[in-house]
Novice: 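Starting off with a structure, shown below.
Computed from a prediction, not measured in an experiment: that's the story for all the values here. Residue numbering restarts at 1 for every chain, and letters A, B, ... go by the order of the sequence lines.
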Protein chains: 2
Amino acid sequence: MTDQQLALKLYVVLSRAYLAVNRHSQLDIARHGLSHGEFAIMEVLFHKGPLLLGEVQRKILVSSGGVTYLVDRLEADGLVERRACETDRRARYAALTRKGEQFMKKIFPDHAASLERALAGLTSTEKKQAISLLRKLGTAAVDALPDRE
Amino acid sequence: MTDQQLALKLYVVLSRAYLAVNRHSQLDIARHGLSHGEFAIMEVLFHKGPLLLGEVQRKILVSSGGVTYLVDRLEADGLVERRACETDRRARYAALTRKGEQFMKKIFPDHAASLERALAGLTSTEKKQAISLLRKLGTAAVDALPDRE
DNA sequence: GGGTGTTATCTTAGTACTAAGATGCACTGC
DNA sequence: GCAGTGCATCTTAGTACTAAGATAACACCC
């Protein structure tokens with residue numbers, strides 16, 4: 001089998017695995033009234049603390065307009081707030097509000113459990129192998145991407 | 001590290017890898033005027049031959065309304081046609097037209113090369129490992145999914 | 001310190017879907 | 001052969017984005 005055939009096959013199984021797992025995640029998140037993109041922002045802020053909007057964009061791989069849209073919605077829900085950046089007046093931080101923080105503390109354990117079930121097809125050892133392979137793959141693919149806007 | 005922590009990490013790297021690779025694919029497909037979903041249908045018909053719409057739905061993990069929408073668009077472009085099913089008058093086949101067949105023959109090699117580049121972060125050996133892990137993961141995740149509509 | 005290019009975010013218009021339900025057809029047991 | 005149940009596809013209305021460009025602020029060279 002040529003490397004190209006392997007690449008095609010890999011893309012197919014990668015897509016299927018992601019779409020299926022993502023759907024589990026989506027169904028779980030929808031119970032709390034958030035879209036997948038909204039939750040991705042909540043999650044990254046929950047784990048990394050306040051982040052510049054551009055940093056958020058790079059983390060969740062969404063368009064710049066998408067970040068604005070998603071943060072607007074989360075701000076309207078009172079879960080996230082924008083804060084000024086001291087050193088660069090163009091830039092803004094996104095940060096969880098108290099409400100957002102407590103919301104995540106409440107729902108995140110359930111969400112993690114739901115993901116664990118979705119990924120239960122692999123043993124812990126296999127998960128470790130998959131993580132290391134996918135990390136390598138993802139990093140290379142992100143680097144090869146043309147810049148956004 | 002607990003299995004749950006591994007699951008969360010795996011989900012993150014899976015998402016990033018898929019989103020990045022998928023974006024390569026999307027940029028390539030857009031050059032030919034198709035959306036990602038449209039191309040997914042073309043591809044599955046190109047490789048498997050005529051398929052019932054329901055089979056297409058299961059292959060590409062899209063909603064039933066989505067299949068109708070996508071096949072409508074491809075039919076309008078003259079790339080795909082619907083055919084009656086002899087044994088079940090509710091069911092319809094989707095099949096590539098001559099034009100669709102030739103279109104795929106023309107663009108598929110380029111697309112495959114573009115994917116090979118997007119996935120070049122992994123060696124052939126690593127690709128094989130990743131395929132087998134992701135296949136196992138995907139199958140389990142699809143099976144655990146609630147039925148669509 | 002003014003011009004030139006770059007970066008960060010936001011706005012606007014459009015697209016690719018999804019969800020829910022409608023419709024029409026097929027099978028089953030009676 | 002008819003009622004009831006379940007599929008296979010399509011329709012309608014709505015949503016979550018993306019693409020392209022606008023705006024404002026910064027940075028660097030002269």
Side-chain angles (χ1 to χ4, degrees), chain A residues 15 19 22-23 25-27 29-31 33-42 50-77 80-95 145-149, chain B residues 15 19-20 22-27 29-31 33-42 50-77 80-95 145-149:
Chain A
S15 299
L19 291 174
N22 196 48
R23 181 141 185 86
S25 166
Q26 209 172 51
L27 291 173
I29 293 165
R31 295 189 301 131
L34 292 183
S35 77
H36 182 246
E38 288 166 349
F39 187 81
I41 291 191
M42 292 297 286
L51 244 39
L52 294 174
L53 292 181
E55 292 172 332
V56 172
Q57 186 195 340
R58 279 184 292 279
K59 293 272 181 207
I60 69 169
L61 292 180
V62 80
S63 69
S64 68
V67 173
T68 300
Y69 167 80
L70 292 168
V71 173
D72 281 353
R73 295 186 48 119
L74 292 170
E75 208 164 19
D77 290 342
V80 163
E81 62 187 8
R82 284 177 167 91
R83 293 180 193 161
C85 171
E86 305 270 314
T87 57
D88 186 342
R89 276 198 297 157
R90 289 169 308 177
R92 327 274 302 270
Y93 284 100
L145 230 34
D147 285 346
R148 287 267 190 156
E149 266 129 286
Chain B
S15 299
L19 291 174
N22 196 48
R23 182 143 184 84
H24 282 277
S25 166
Q26 209 171 51
L27 290 173
I29 293 166
R31 295 188 302 130
L34 292 183
S35 78
H36 183 247
E38 288 166 348
F39 187 80
I41 292 191
M42 292 296 287
L51 244 39
L52 294 175
L53 292 180
E55 292 172 333
V56 172
Q57 186 194 340
R58 280 184 292 280
K59 293 271 181 206
I60 69 169
L61 292 179
V62 80
S63 68
S64 69
V67 173
T68 299
Y69 168 79
L70 292 167
V71 173
D72 281 353
R73 294 186 48 119
L74 291 170
E75 208 164 18
D77 290 343
V80 163
E81 63 187 7
R82 285 177 166 91
R83 292 182 193 159
C85 171
E86 304 272 313
T87 57
D88 186 341
R89 274 200 297 158
R90 291 171 307 177
R92 327 275 300 273
Y93 284 100
L145 231 35
D147 284 346
R148 287 264 188 158
E149 266 129 288

Novice: For the side chain of A:Ala91, starting at C-beta, report the closest nucleotide among C:dT9, D:dC17, D:dA19.
Specialist: C:dT9
Novice: Is the distance from OP1 or OP2 of C:dA16 to the nearest side-chain N or O of B:Arg73 less than 4.0 Å?
Specialist: yes
Novice: Taking only residues two or more places apart in sequence or in another chain, which ones pass side-chain hydrogen bond (donor to acceptor under 3.5 Å, both in side chains) with A:Arg89?
Specialist: none
Novice: side-chain hydrogen bond (donor to acceptor under 3.5 Å, both in side chains) with A:Asp77: which residues, sequence neighbours excluded?
Specialist: none
Novice: Nearest whole Å is fine: how far is D:dA25 C1' from A:Glu86 CD?
Specialist: 16 Å
Novice: So, taking the atom named CG in B:Asn22 and the one named NE2 in B:His36, what distance separates them when rounded to the nearest 0.5 Å?
Specialist: 4.0 Å
Novice: Check whether any side-chain N or O of A:Ser64 sits under 4.0 Å from OP1 or OP2 of C:dA8, and answer yes or no.
Specialist: no
Novice: Going by the rule side chain to side chain contact (heavy atoms under 4.5 Å, CB included), which residues pair with A:Glu38 if we only count those two or more places apart in sequence or in a different chain?
Specialist: A:Leu34, A:Ser35, A:Leu70, A:Arg73, A:Leu74
Novice: Tell me every residue that passes side chain to side chain contact (heavy atoms under 4.5 Å, CB included) with B:Ala95, counting only those two or more places apart in sequence or in another chain.
Specialist: B:Pro50, B:Arg83
Novice: Calculate, to the nearest 0.5 Å, the distance between atoms CD and OH belonging to A:Glu55 and A:Tyr93 respectively.
Specialist: 7.0 Å
Novice: Per the end-axis method with five pairs at each terminus, what is the bend angle of the helix from C:dG1-D:dC30 to C:dC30-D:dG1, to 10°?
Specialist: 30°
Novice: Counting just side-chain N and O atoms, does A:Thr68 come under 4.0 Å of either OP1 or OP2 of C:dT11?
Specialist: no
Novice: Protein-nucleotides 22-28 of chain C N/O pairs closer than 3.5 Å?
Specialist:
{"from": "C:dA26", "atom 1": "OP1", "to": "B:Arg89", "atom 2": "N", "distance (Å)": "2.8"}

Novice: What contact category does B:Gly54 fall into here, base, sugar-phosphate, or nothing, at under 4.0 angstrom with non-hydrogen atoms?
Specialist: sugar-phosphate
Novice: Please enumerate all residues that pass salt bridge (Lys or Arg N to Asp or Glu O under 4.0 Å) together with B:Glu75, with sequence neighbours excluded.
Specialist: B:Arg82
Novice: Looking only at side-chain atoms of B:Arg92, point me to the closest of D:dC17, D:dC10, C:dT9.
Specialist: D:dC10
Novice: List the residues meeting salt bridge (Lys or Arg N to Asp or Glu O under 4.0 Å) with B:Arg58, not counting sequence neighbours, and say none if there are none.
Specialist: none
Novice: Counting just side-chain N and O atoms, does B:Tyr69 come under 4.0 Å of either OP1 or OP2 of C:dA16?
Specialist: yes
Novice: Whole Å only: how far is the CG atom of A:Leu51 from the P atom of C:dT9?
Specialist: 10 Å
Novice: Check the distance between C:dC17's P and A:Arg23's CZ and give it to me in whole angstrom.
Specialist: 14 Å
Novice: Could you check how far CG of A:Leu74 sits from P of C:dC10, rounded to whole Å?
Specialist: 13 Å
Novice: Measure CD/A:Gln57 against P/C:dC10 and give the value in whole Å, please.
Specialist: 11 Å
Novice: I'd like to check the side chain to side chain contact (heavy atoms under 4.5 Å, CB included) partners of B:Ala40; sequence neighbours left out, ordered by chain and number.
Specialist: B:Ile60
